[in-house]
Amino acid sequence: MIQHLSALDLGGIAARGGSLEVNGQQFSALDLGGIAARLSDGATLKVHNSACFSALDIGGIAARNPGQVIFC
């Protein structure tokens, strides 16, 4: 799990095709949605500790790139 990079850094990695696992408690729903939106085809974003988000937050993040975001 990546914990030392910013949301901006992670978005750049996602845009280059990297799949990511992050701590959901470290980022806002808005940050995670931005990272998800930048995911390349075939890349995934796995959000650990997602219990800190509401169903509305999780749905909003997932909607940014359907099928490429995993919550646990």
Side-chain angles (χ1 to χ4, degrees):
M1 188 168 19
I2 300 171
Q3 296 191 30
H4 67 286
L5 298 176
S6 69
L8 185 61
D9 292 333
L10 295 174
I13 294 167
R16 290 174 178 84
S19 289
L20 307 165
E21 290 192 30
V22 300
N23 180 355
Q25 294 175 326
Q26 189 176 349
F27 301 100
S28 69
L30 185 62
D31 288 338
L32 292 172
I35 296 167
R38 298 191 67 191
L39 287 167
S40 296
D41 290 340
T44 59
L45 172 62
K46 187 171 188 177
V47 182
H48 294 269
N49 301 314
S50 58
C52 62
F53 298 108
S54 69
L56 186 61
D57 289 337
I58 290 173
I61 297 165
R64 299 297 302 267
N65 219 323
Q68 290 182 257
V69 184
I70 302 161
F71 299 93
C72 52

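Only this structure's heavy atoms are used, side chains among them; waters, hydrogens and symmetry mates stay out.
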Under 3.5 Å: donor-acceptor pair, side chain of Arg38, backbone of Gly34: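 Side chain of Arg38 to backbone of Gly34, a donor-acceptor pair under 3.5 Å: no, none is there.
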Any donor-acceptor N/O pair, Gln68 side chain to Ala43 backbone, under 3.5 Å: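 Yes; at least one donor-acceptor contact below 3.5 Å.
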What's the shortest heavy-atom distance between [X] and [Y], and which atoms?
{"X": "Leu45", "Y": "Leu32", "answer": "CD2-O, 3.9 Å"}
{"X": "Ser40", "Y": "Gly17", "answer": "OG-N, 3.3 Å"}
{"X": "Ser50", "Y": "Phe71", "answer": "OG-CB, 3.6 Å"}
{"X": "Val69", "Y": "Ala36", "answer": "CG2-CB, 3.8 Å"}
{"X": "Gln26", "Y": "Gln3", "answer": "NE2-O, 2.7 Å"}
{"X": "Phe53", "Y": "Ala29", "answer": "CE2-N, 3.6 Å"}

Contacts of type side-chain contact (heavy atoms from CB on, under 4.5 Å), residue Leu30, not counting sequence neighbours: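 Expected list: Ser28.
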ILVMFWY cluster, Leu20 and Ile70 together (side-chain gap under 4.5 Å):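 Cluster IDs for Leu20 and Ile70 differ.
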same_hphob_cluster(Met1, Ile61) at 4.5 Å side-chain heavy-atom cutoff: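 Different hydrophobic clusters.
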Heavy-atom side-chain contact between Leu5 and Ile13 under 4.5 Å: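 Contact flag for Leu5/Ile13 side chains = yes.
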Residues that, via side-chain heavy atoms closer than 4.5 angstrom, fall in one hydrophobic cluster with Leu8: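 For Leu8, no cluster forms, as it stays isolated from other hydrophobic side chains.
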Separation between OG1 of Thr44 and CG of Asn65, rounded to the nearest 0.5 Å: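 These two atoms lie 10.5 Å from each other.
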